[in-house]
K.L.:
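After the structure tokens below, expect a handful of questions from me.
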Amino acid sequence: MTALRATDARPRGLVTRIAVNVSFGFGLPVLIVVLWSAWSTRSTNRFLVGPLTILDAFRRTWIGPAFVDDVLPSLYRLGLGLLASIVLGVAAGVVIGSLRRLRDTLEPLLEFFRAIPPPVLIPVAMLLLGITDTMKVVVIVSGAIWPILLNTVEGVRATDSVMLETADSFRIPRRERLWSVVLPAASPRIMTGVRQALSVALILMVISEMFASSSGLGYRIAYFQRNYLVAEMWSGILLLGLIGVLLAVVFGLVERRVLRWYHGMKEISRA
């Protein structure tokens, strides 16, 4: 009888948890929009516009030629910078994490470059590369690579020694050991680094376009600000938030697929 009650309680608890999450997920944004709308109607500050005005500016501004002229170039730079950061960060992290002597030698240098804020490199990149897409991609990589690189190093270092010794005893080649043992063991940390790099890359994309560009979301938002087009400026900020949410959703789907084995092990350990 007790077991039956416990079985009945689990679905009820799950339904309650889902209902609470949905309520907060949809109710909180609606409440914020309502409060924002009420505040904007009472405020005399011309720079504080209401949500409906911003939505109308969003429709007029971004649904049309601006999507091709500004949004697509920004997404191209962001995607290229993220891809380069992942490839370079994982490759360098695996090598550094696997070789202790190399890791000890490079650690002070890595800490030095990691401490430099990427936005201060924009003037240097402009002088060396000019005002080009390559410059903007380099700026994105200069900041987004570090979470991936450092998490990969730690993930490789934390690989179970028993697994490595077992691979040695079976004389598994180094390349196969890398793909079958080291990378799967380090993949949770690597995915953590990629998740952190997403927000860094988005920020640097906007900053690089604000500094020197004739297209892109950062350039367009700065243009609206300089010309006191307040609603259009807020619509650009709204679009950046939507892009960030979309990136998080896509990454979550990829992460669940890549780390399916890892989440399965966690579920087993909880049971």
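Residue numbers start at 1 and run along the sequence shown. When reading the values below, keep in mind they use all heavy atoms of this one structure, side chains included, and skip hydrogens, waters and symmetry mates.
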K.L.:
So which atom in A185 and which in P188 form the shortest heavy-atom distance, rounded to 0.1 Å?
P.N.:
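What the structure gives for the nearest pair is O-CD, 3.5 Å.
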K.L.:
Taking all non-hydrogen atoms of both residues, which atom of I190 and which atom of T152 are closest, and how far apart?
P.N.:
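Where I190 meets T152 most closely, the heavy atoms are CG1-OG1, 3.5 Å.
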K.L.:
Grab the two heavy atoms, one from P118 and one from G143, that are nearest each other, plus how far apart they are.
P.N.:
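Distance-wise, the nearest heavy atoms are CG-CA, 3.5 Å.
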K.L.:
Hey, are R101 and D104 close enough for a salt bridge, meaning a charged N less than 4.0 Å from a carboxylate O?
P.N.:
no
K.L.:
M205 versus L240: any side-chain heavy-atom pair under 4.5 Å?
P.N.:
yes
K.L.:
Apply side chain to side chain contact (heavy atoms under 4.5 Å, CB included) to residues D56 and L52 and explain how you reach the verdict.
P.N.:
CA-CA 6 Å; D56 182 62; L52 294 179; over 6 Å; no
K.L.:
Closer than 3.5 angstrom, by distance alone: can the side chain of T159 be matched with the main-chain N or O of V156 as a donor-acceptor pair?
P.N.:
yes
K.L.:
Does L78 reach the side chain of L247, with side-chain heavy atoms less than 4.5 Å apart?
P.N.:
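Side chain of L78 against side chain of L247, heavy atoms only: contact under 4.5 Å found.
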K.L.:
Could you check whether any side-chain heavy atom of M210 comes within less than 4.5 Å of a side-chain heavy atom of V206, counting everything from C-beta outward?
P.N.:
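Sidechains of V206 and M210: in contact.
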K.L.:
Minimum heavy-atom separation for G216 and S74, please, with both atom names.
P.N.:
CA-OG, 3.2 Å
K.L.:
Just to verify, what does E154 make a side chain to side chain contact (heavy atoms under 4.5 Å, CB included) with, not counting sequence neighbours?
P.N.:
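So E154 forms a side chain to side chain contact (heavy atoms under 4.5 Å, CB included) with R157, R189.
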K.L.:
Which residues pass the side chain to side chain contact (heavy atoms under 4.5 Å, CB included) test with R257, sequence neighbours left out?
P.N.:
R260
K.L.:
One pair to check against side chain to side chain contact (heavy atoms under 4.5 Å, CB included): T192 and Q196. What are the steps and the verdict?
P.N.:
CA-CA 6 Å; T192 300; Q196 295 170 355; 3.8 Å; yes
K.L.:
Can you measure from CD1 (I221) to CH2 (W234) and round to the nearest 0.5 angstrom?
P.N.:
10.5 Å
K.L.:
Is there a side-chain contact between S213 and R77, using heavy atoms and a 4.5 Å cut-off?
P.N.:
yes
K.L.:
Check side chain to side chain contact (heavy atoms under 4.5 Å, CB included) between S199 and all other residues, then give those that pass, not counting sequence neighbours.
P.N.:
none
K.L.:
According to side chain to side chain contact (heavy atoms under 4.5 Å, CB included), who are the partners of F211, at least two apart in sequence or on a separate chain?
P.N.:
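Scan of F211 (side chain to side chain contact (heavy atoms under 4.5 Å, CB included), adjacent residues dropped) gives I122, I207.
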K.L.:
Find out whether I243 and L75 are in side-chain contact, i.e. whether some heavy atom of one side chain is under 4.5 Å from a heavy atom of the other.
P.N.:
yes
K.L.:
Report the C-alpha distance between L229 and T61 in whole Å, list the side-chain angles of each, state the deciding distance to 0.1 Å, and finish with yes or no for side chain to side chain contact (heavy atoms under 4.5 Å, CB included).
P.N.:
CA-CA 11 Å; L229 299 170; T61 304; over 6 Å; no
K.L.:
Please report the C-alpha distance between V181 and E176 in whole Å, then the side-chain angles of each, then the deciding distance to 0.1 Å, and finally whether the side chain to side chain contact (heavy atoms under 4.5 Å, CB included) criterion is met.
P.N.:
CA-CA 8 Å; V181 179; E176 187 175 345; over 6 Å; no
K.L.:
Salt bridge check: are E232 and R60 linked by an N-O gap of less than 4.0 Å?
P.N.:
yes
K.L.:
Not counting sequence neighbours, which residues clear side chain to side chain donor-acceptor pair (under 3.5 Å) with S235? List them please.
P.N.:
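Listed in chain order: W62.
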K.L.:
Show which residues join I96 in its hydrophobic cluster (side-chain heavy-atom contacts under 4.5 Å, direct or indirect), or state none.
P.N.:
Y76, L80, L88, V95, L99, L102, L106, L109, L110, F112, F113, I116, V120, L121, V137, V141, I145, W146, L149, V153
K.L.:
What are the two closest non-hydrogen atoms of N151 and P147, and how far apart are they?
P.N.:
ND2-O, 2.7 Å
K.L.:
Could you report the tightest heavy-atom contact between S187 and L259, atom names first, then the distance?
P.N.:
OG-CD2, 3.4 Å
K.L.:
Measure from NZ or CZ of R220 to the centre of the six-membered ring of Y223 and say whether it is under 6.0 Å with the direction within 45° of the ring axis.
P.N.:
yes
K.L.:
Could you check whether any side-chain heavy atom of I140 comes within less than 4.5 Å of a side-chain heavy atom of L82, counting everything from C-beta outward?
P.N.:
no
K.L.:
Give, for atom CD of E209 and atom OG of S214, the distance between the pair rounded to the nearest 0.5 Å.
P.N.:
10.0 Å
K.L.:
Using modelled atom types only, decide if a donor and an acceptor are shared between the side chain of S208 and the backbone of V139 within a distance under 3.5 Å.
P.N.:
no
